[in-house]
Amino acid sequence: MSTETPLDLKKTVNLPKTAFSQKANLAQSEPARLEKWAGLDLYRLIRRTCEGREKFILHDGPPYANADIHLGTAMNKVLKDFIVKSRTMMGYDSPYVPGYDCHGLPIETHVERALEKKGKKKSDLSVETFRRICREHALNALQSQTRDFKRLGILGEWDDPYLTMSNHYEAETARMFGRFVERGWVYKGARPVYWCLKDQTALAEAEVEYHQHTSPSVYVKFPLQSDPALIDPALAGRKVFVLIWTTTPWTLPANLGIAVHPDFEYSAFEYGDEVYIVASELVEAVAAKCGLGAAPKVLARFPGAKLDRLECRHAWLDRKSLLMVGEHVTLGGEADAETELDVSEAQKKPSDSKAGTGCVHTAPGHGHDDFVIGKRYGLEIYCPVDNAGRFTPDVEHFAGQRVFDANDPIVEFMRERGVLLFSEKYEHRYPHCWRCKNPVIFRATPQWFIAMDQAHTELVEKDEDGRDLTNFTENFAENGSLRSAALEEIERVKWIPAWGVDRMRNMLKGRPDWCVSRQRVWGVSIPVFYCARCNEAVADAAVIDHVADIFERESGDAWYTRSAQDLLPPGYTCKGCGAEEWTKETDILDVWFDSGTSSIAVLENRPELRWPSDVYIEGGDQFRGWFNSSLMVGIAAHNRAPYKAVITHGWTLDAQGRAMHKSAGNAVEPDKVFKQLGAEIIRLWCASSNYFDDVRGSDEILQRVTDGYRKMRNTARFALGNLDGFDPAGDSVPFEEMQEIDRWALAELNRVTADVLAAYDAYEFHNVYRALFNFATVTLSARYFDIIKDRLYTFAPRDKARRSAQTALLRIADALARMLAPILVFTADEIWENLPNRDKPSIHLAVFPTATADRDESLLTEWDRLFAIRDDVLRALEEARVAKQIGSSLEAKVTLEASGEALELLRRHEKDLRYLFIVSQVELHEAQAQRVAIAISAAEGKKCERCWNYSTRVGESDRYPTVCERCIAALEEIEREG
Ligand SMILES: [Zn+2]
Ligand SMILES: [Zn+2]
Ligand SMILES: [Zn+2]
């Protein structure tokens with residue numbers, strides 16, 4: 001033994017040491033790490049590392065470049081980052097090119113309002129100047145969004161995102177319109193579309209939202225002009241009226257017909273000297289509502305088909321109203337609105353089976369079903385309402401009035417005329433403009449459409465200026481219908497969750513032709529020309545490609561800066577009359593057409609990407625939006641969907657399940673979270689929630705997530721702290737020579753690795769989180785770490801038993817960091833930095849750990865049983881502590897009585913039991929007992945000053961009189977090795 005002075009005991013304990021701090025300080029440390037990544041050019045470094053690997057392409061749905069990001073935008077992008085990073089770590093090459101949707105109405109409106117504030121009008125500026133301001137606004141907005149997305153730790157091509165307003169993109173948008181033209185799927189026609197009176201433009205299906213709205217509900221009588229005896233002899237000579245019901249009295253001046261169902265039974269019933277026709281099932285309800293007596297006398301019953309092509313007179317105008325039969329007629333509610341709703345909207349819609357008469361007021365210029373049946377019966381598509389929603393001069397009595405303002409006067413007018421039977425206020429779900437939130441109307445105006453079915457049925461041969469439009473649809477027959485191709489294609493796509501395919505199928509089955517024209521300027525112009533002399537319209541794919549090449553060089557502004565002749569190929573002459581003078585179409589394309597083009601404009605344009613993509617992931621509103629428009633363009637270009645899989649995520653709501661609004665004060669603002677808690681907390685919140693459903697967020701919820709974060713951080717910190725001075729190459733213990741509990745920990749690691757990799761593969765990030773959280777807090781913190789602490793702290797540093805635990809700890813910390821990396825991008829990188837074995841400058845260049853296929857099941861089962869006994873022992877120790885029998889568990893001795901298998905199990909691990917229970921002594925006896933019997937008593941001997949265990953052998957050493965025999969051995973080793 002050494003003759004030097006004895007060692008200072010405190011200094012011989014191996015206390016944990018690491019630069020990985022307990023406090024995360026994410027708000028400060030995250031920006032520093034982002035700078036470090038920028039210095040490494042980390043995204044580019046990942047690209048180089050992944051070169052040559054199999055590709056996995058997530059195609060980014062472009063957020064609208066108008067405002068700052070909110071929690072929903074953050075979640076969308078974070079989920080995408082989870083996918084890209086996890087696929088990268090699975091061994092794919094997964095580049096991420098983010099994009100921005102830059103054109104469209106919201107930006108125009110914003111710029112108009114900004115101009116108004118400066119006392120200027122849009123009309124004061126040239127179109128080019130106005131477009132330049134829109135472009136600048138979009139650029140500013142997208143730069144601020146980019147800053148926030150980077151702050152969230154999302155890696156991608158941020159220096160060169162795709163912009164729908166870039167020259168190349170605008171050119172491709174025009175070219176894709178050409179592809180539709182080529183296939184004969186484009187036509188210009190007048191059919192009703194959603195129309196915003198305030199913004200004075202057509203709106204796409206995806207641009208309307210349904211909200212509660214109060215309308216007047218009216219029952220109106222239309223006198224039958226045809227001979228009533230044609231319906232039933234009993235009605236001969238009677239004054240007969242067909243009763244209609246509507247919630248849009250303002251559409252009555254445009255009434256041209258009444259639709260009934262051919263197979264429903266209708267009744268003619270008497271009231272005074274008049275006879276009214278309604279569906280038999282509704283006779284009593286209508287009579288009660290309109291005060292027509294309790295038991296109306298029915299004169300005749302007949303199928304609706306009997307009324308086909310008979311004529312009524314308009315309720316007050318000198319004009320006929322044709323009786324027609326249609327399958328769309330229902331016995332209640334608003335059939336027309338229903339067809340425009342997708343499944344979820346329809347489910348939310350309260351059904352009002354009491355309303356209606358079974359005779360449907362039909363105005364072909366103001367409703368989708370009205371239009372379809374009106375076309376079939378050869379009615380005019382009559383729409384006497386101008387862009388601003390005022391009646392045109394040919395509307396008697398109401399010319400110049402705004403339609404919504406005209407509702408009440410029309411109701412009053414009908415009451416005075418004696419044609420109104422009843423009116424009341426009526427609450428229903430009604431479409432509103434997504435932008436200005438005002439109720440919209442259905443209005444037929446000349447618009448460009450993409451035909452879902454047969455284009456020619458809805459083709460108008462001349463537009464409002466008498467221009468000839470007949471030459472677009474000649475290729476239609478050979479290409480078949482877009483709807484059938486789309487319906488076929490969606491069955492080949494993997495929808496996650498699986499109900500996505502039903503939602504998509506329902507949407508596609510019901511959707512009307514796609515109205516792609518907008519009466520606006522901030523977008524890609526519809527590249528069509530009209531002959532100035534004979535009015536022939538030129539929509540020709542070769543001409544469009546020529547124009548697109550100009551856009552490619554000069555941007556879409558060329559449509560406004562160049563003359564028509566300058567845009568057409570040189571010497572282009574009119575096929576109809578040989579003239580060379582042209583005018584340009586003034587409408588632009590729907591922004592959904594823009595974003596629908598992205599797969600072509602981006603995936604096919606960048607060498608690191610490919611078409612089709614592997615996956616799209618967006619919110620449920622994109623079934624009608626981007627999922628749909630992308631599919632349409634994919635089919636026009638390649639007869640294929642542009643995605644192999646589509647994932648849908650839910651909405652972000654507040655803690656009570658309400659939508660978040662800044663004005664309501666319940667919005668969680670990402671920017672504030674960055675500064676208070678750190679972006680990592682938003683990321684962990686995304687992972688902790690099941691995003692397939694709606695996801696709830698609030699300050700309190702984020703606080704809970706922060707607590708979870710802290711626990712995981714502490715777990716990592718324990719592992720790192722105990723790896724101080726560990727040299728993986730020289731100090732690792734071979735697996736077979738490791739202590740059994742260390743091998744057990746690695747078997748548990750293997751189990752969690754398999755679960756986590758499977759969850760990543762299935763995009764189930766909440767299951768990744770749950771598995772890792774349980775592993776960190778239960779398996780590691782509450783069990784393994786507790787048990788190995790004594791060995792790590794009190795054994796000599798180089799003791800093989802200690803090295804065994806460290807070998808396991810390194811494997812665990814390394815694997816934990818890798819598995820956390822897609823989610824906790826900052827923290828995992830920080831763990832990585834503090835690992836002794838890291839071989840790359842960032843964890844984001846590493847791959848996932850692998851799980852071995854053959855799990856050590858017998859080891860796991862054996863230890864599961866030991867831990868069950870441990871739980872009982874810990875409970876008994878707790879009781880003893882409460883009873884003041886013992887203080888800390890090291891003051892205890894545990895006596896176990898067992899028999900049979902349990903006894904054998906305990907015998908096999910007899911030496912480990914005191915460490916397993918964290919007590920100073922364990923005694924094991926054989927006794928006939930069903931369960932293991934546990935007795936707690938005070939430990940024998942004295943407390944060792946160094947390890948705090950009790951031992952009867954404390955005091956055996958003269959050199960170290962206050963320590964136990966285990967510590968003496970450790971101290972001798974320390975002295976020997978220095
Ligand atoms: Zn609007
Ligand atoms: Zn001509
Ligand atoms: Zn000791």
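Atoms within each ligand, like the ligands themselves, are counted from 1 in listed order. Positions are given from 1, in the same order as the sequence printed here.
Remark: Arg435 does not engage Glu108 in a salt bridge, criterion side-chain N to carboxylate O under 4.0 Å. For the pair Arg624 and Asp621, the salt-bridge criterion is not met [side-chain N within less than 4.0 Å of a carboxylate O]. Ion pairing of Glu977 with Arg798 is present here, as a side-chain N (NZ or NE/NH1/NH2) and a carboxylate O approach within less than 4.0 Å. With respect to Asp742 and Arg803, no salt bridge is recorded, no charged nitrogen being found less than 4.0 Å from a carboxylate O. Looking at Glu973 and Lys800, no side-chain N of the basic residue comes within less than 4.0 Å of a carboxylate O on the acidic one, giving no salt bridge. Between Glu116 and Arg113, none of the side-chain N atoms (NZ, or NE/NH1/NH2) sits under 4.0 Å from a carboxylate O, so this pair counts as no salt bridge. Look at Lys437 and Glu209 and you find a salt bridge, because one of the NZ, NE, NH1 or NH2 atoms lies within 4.0 Å of a carboxylate O, short of that distance.
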Run the numbers on Arg390 and Asp386 for salt bridge (Lys or Arg N to Asp or Glu O under 4.0 Å), then give the verdict. CA-CA 5 Å; Arg390 285 178 303 244; Asp386 72 11; 3.3 Å; yes
Where do Phe593 and Ile450 land on the side-chain contact (heavy atoms from CB on, under 4.5 Å) test, with the steps shown first? CA-CA 10 Å; Phe593 191 95; Ile450 287 174; 3.7 Å; yes
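Neighbouring protein atoms of the Zn ion (ligand 1) (N, O or S, distance under 2.8 Å, waters ignored): Cys196 SG, Asp199 OD2, Cys433 SG, Cys436 SG. Atoms of the protein (N, O or S only) found under 2.8 Å from the Zn ion (ligand 3) are Cys944 SG, Cys947 SG, Cys964 SG, Cys967 SG.
Separation of the Trp559 and Phe529 ring centroids falls under the 6.0 Å cut-off.
An angle of 110° is found at the Zn ion (ligand 2) between Cys534 atom SG and Cys577 atom SG, rounded to 10°. For the pair SG of Cys574 and SG of Cys531, the angle at the Zn ion (ligand 2) is about 110°; rounding is to 10 degrees.
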